[in-house]
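Worksheet for the structure shown next.
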Amino acid sequence: MTLLNAPPARGGDSLAPQGLIARGAGAQMAAQNADIARTFRRMADLLEIEDANPFRVRAYRRAAETLDDLAEPVARLLARGADLSDLPGVGEDLAGKIAEISRTGRLAALEAVEARTPSALAQLGTIPGLGPRRIRALHERLGVVTAADLKQACLDGRVRRIPHFGRAFETRLLTALRGGAAAAARRRLAEAEDDAHSLQARLERAPGVARVVVAGSFRRRQETVGDLDLVVAAPNGTAVGDALAAFEEVATVMAKGPTRTSVVLASGLQVDLRVVQPDSFGAALVYFTGSRSHTIALRERAKARGLKLNEYGVFRGDTRIAGRTEEDVYEALGLAFIPPELCEDRGEIAAGAQGRLPRLIALSDIRGDLHVHTDASDGRESLDAMVLAARARGYGYVAITDHSAHARVAHGLDVTRLSAQLDAIDRLNARLQGIVALKASEVDILKDGRLDLPDEALARLDLVVAAIHSDFGLSRGEQTRRLLRAMDHPRVSIIAHPTGRLLGAREGYAVDMDAVIAHARNRGCALEINAHPSRLDLNDIQARAAKSAGARLSIGSDAHTSLGLGHMRLGVDQARRAWIEPQNTLNTRSWPELKALIAR
DNA sequence: GCCGTTTTCGGCCCGACTGTTTTCAGTCG
Ligand SMILES: Nc1nc2c(ncn2[C@H]2C[C@H](O)[C@@H](COP(=O)(O)OP(=O)(O)OP(=O)(O)O)O2)c(=O)[nH]1
Ligand SMILES: [Mg+2]
Ligand SMILES: [Mg+2]
Ligand SMILES: [Zn+2]
């Protein structure tokens, strides 16, 4: 199979019209999938403000999601002569529009809409409580286009005179506008975990609470989360909502009712709480775990079978036939239980109907860690400490993969220092029971694809992990050739963090992931799912493409401290989102099995 | 705008909370 998308959107949406997609100076390259998706979302936002058919609006959003889920660039699909209308949610019309954007970087239909409805209006939708209808009213009645216009209109007292606005809403708008009006940024999954567990633990002590689960994107283990969504089983929802609202870190209570409470913490993190009776807890979990599109697909399936699904249960007429557990709910819909990590409407419902869900990898399948640093390079702890910590985690092996000398800021090891480390590993293994430390390296891939260590040095290693840490700016072709050449080296068993992306900080370098995956498969070289919370590289979609192509994965913690070994589970989470099974992965095997596998 | 072991036309998930809405629209999950 194929490649990816560029990582999510680049930074903040600009106010500039999107009909013409800005490109780097002179670079006349095809629009990327993410650009096309962004164009469709912009189209949907503006059509919605124009009060277009909501299902037409939804069609653009659905197609945008499909594009985000695509592992292969549209330009390549087109070059291959593929029929884009085979993609879910893409028909004749949108297939043509995708091709148009891919070819020209523009969408005439969007430019036509923008001529009537300024693109900047869509930005106002990021202000809480401001939706398409109100934006339309502000535009039509007051000529508001930008946030600055809106602020002035509020100050003039013109907003309150529009029907359905009122003084309270005007005040709320002003507050939001003074606060910069920016919606809180998504945060990395790992950064939400402390808040999630703390909220969960305290809500468990709230009145009458039987169960608390953090659902939403957090439970699906999405790499970033927009908020925290908690589902609680309790007889009295108001009492639980009161308890949440009273937590000291709560800055604002956005909404509060008998079953739902929404608050914003001082940190800016939003927390949505949903409380149901215990006999609805399973249905509420299905609802609040999402994803939205997964849930909608389930509800459509229920309807097609003469049933109704909501957050209280599965109903035939007025009779509830399921609701207490998620398994019951899925079963009532003719489905096997679908693990949260798969609930993205990426084929899991069809698989669940046919009993073809994957046997997902779990943390307990992991037999060792193949990416670990020590204080010899940029790690913080000694070789002994790291190996003992790995043993304490129950691993049978741990690969010591310090950097090579080219990685100067990481204090990489030259041949002499590496040789000393290998001797130290031999001595450690001689006296250590229960785990074997593998002599390894995270060797730099030089600009031309050669490795930063001579073959004589590599020959002493049990395992060679290769990675790019420099020259991120090469062209797509050069970067791809560089990676393929590294994989051609017979001793290279794993490519670490194959795209180099850093969540929220840096897009991956330009590379033809399709070609990388195909070459990895042909060379028997594994691609890493780097479990570092800022990397998660490959991502879920890329890793799934790698699995589909028959390439192997390796999940490595990239630990720089003994605590960092614990990041392994974040990598496993992403592997699960990629539908990966134990046999797709190197480090679900014993060292003897692994050794046989990488010998080539 | 998409889509079809009920359909090629007529559907498209379903419910909670807010506010000035006096009978429900708008927004959000
Ligand atoms: N039925 C239905 N459920 C929805 C809808 N929107 C959201 N949900 C459910 C599924 C979501 O996973 C869950 C939480 O909503 P969120 O807006 O927090 O989304 P989610 O957590 O999936 O992603 P996030 O990281 O918060 O952006 O609520 C909807 O329009 N219809
Ligand atoms: Mg959420
Ligand atoms: Mg939410
Ligand atoms: Zn590393």
Side-chain angles (χ1 to χ4, degrees), chain A residues 40 43-44 47-49 51-66 84-98 109 124-138 160-173 176 183 215-217 226-231 237-238 241 253-264 270-276 280 283-315 333-334 345 349-350 353:
Chain A
F40 279 0
M43 183 77 166
L47 286 174
E48 201 172 31
I49 291 167
D51 203 19
N53 178 343
F55 303 107
R56 183 172 165 229
V57 171
R58 191 174 116 180
Y60 279 98
R61 298 211 168 109
R62 169 105 201 277
E65 274 183 32
T66 292
L84 295 181
S85 65
D86 288 344
L87 296 171
V90 177
E92 285 303 306
D93 183 80
L94 291 184
K97 289 188 164 81
I98 292 171
L124 296 178
T126 62
I127 299 170
L130 252 199
R133 315 303 290 256
R134 284 176 168 146
I135 292 172
R136 178 179 168 85
L138 287 165
R160 73 186 71 158
R161 293 202 294 272
I162 305 176
H164 294 107
F165 279 72
R167 199 178 198 111
F169 190 74
E170 192 177 79
T171 308
R172 197 169 134 199
L173 280 181
S217 50
D227 65 4
L228 291 176
D229 304 287
L230 285 77
V231 191
T238 303
V253 179
M254 304 290 289
K256 196 170 173 319
T259 74
R260 226 194 76 198
T261 298
S262 284
V263 303
V264 178
Q270 179 165 333
V271 179
D272 294 325
L273 170 72
R274 194 68 203 262
V275 186
V276 296
S280 288
L285 270 177
V286 169
Y287 154 67
F288 225 30
T289 297
S291 67
R292 180 177 188 274
S293 51
H294 172 86
T295 310
I296 289 175
L298 287 181
R299 289 175 180 206
E300 284 168 347
R301 180 180 176 89
K303 187 175 259 205
R305 298 160 91 87
L307 305 171
K308 181 176 73 168
L309 171 65
N310 59 25
E311 59 266 54
Y312 300 105
V314 180
F315 298 84
L333 301 177
D345 195 21
I349 293 177

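Computed from a predicted structure; not experimentally measured. Chain letters run A, B, ... following the sequence lines, proteins first and then strands; every chain starts at 1.
For a distance-only test at 3.5 Å, the side chain of A/R58 fails to qualify as a donor-acceptor partner of the base of B/dC12. At a cut-off of 3.5 angstrom, the base of B/dG29 holds no donor-acceptor pair with the side chain of A/D229.
Nearest-nucleotide positions on DNA chain B for A/G131 and A/T259 put A/T259 closer to the 5' end.
Base pairing analysis places B/dG15 opposite B/dC28; the two distances defining the Watson-Crick or G-U wobble pair are each below 3.5 Å.
For the OP1/OP2 pair of B/dG11 and a distance below 4.0 Å, the side-chain nitrogens and oxygens of A/K303 include no atom meeting the criterion. Between B/dC28 and A/Q270, no contact under 4.0 Å exists linking OP1 or OP2 to a side-chain N or O. Residue A/R134 places no side-chain N or O under 4.0 Å from the OP1 or OP2 atom of B/dG26. Between A/R299 and B/dC13 there is no side-chain polar atom (N or O) within less than 4.0 angstrom of OP1 or OP2. Considering only side-chain N and O atoms, A/Y312 lies under 4.0 angstrom from the phosphate OP1 or OP2 of B/dA16. At the phosphate of B/dG15, OP1 or OP2 sits under 4.0 Å from a side-chain N or O atom of A/K308. Taking side-chain N and O atoms only, A/K97 has a distance below 4.0 Å to OP1 or OP2 of B/dG1.
Ranking B/dC13, B/dG15, B/dG1 by closeness to the A/D93 side chain, first place goes to B/dG1.
For A/I296 against A/R58, the heavy-atom pair with the smallest separation is CG2-NH2, 4.5 Å.
For the P atom pair drawn from B/dT20 and B/dT27, the interatomic distance equals 14 Å after rounding to whole Å.
Separating the CZ atom of A/R161 from the C1' atom of B/dT20 is a distance of 17 Å, rounded to the nearest angstrom.
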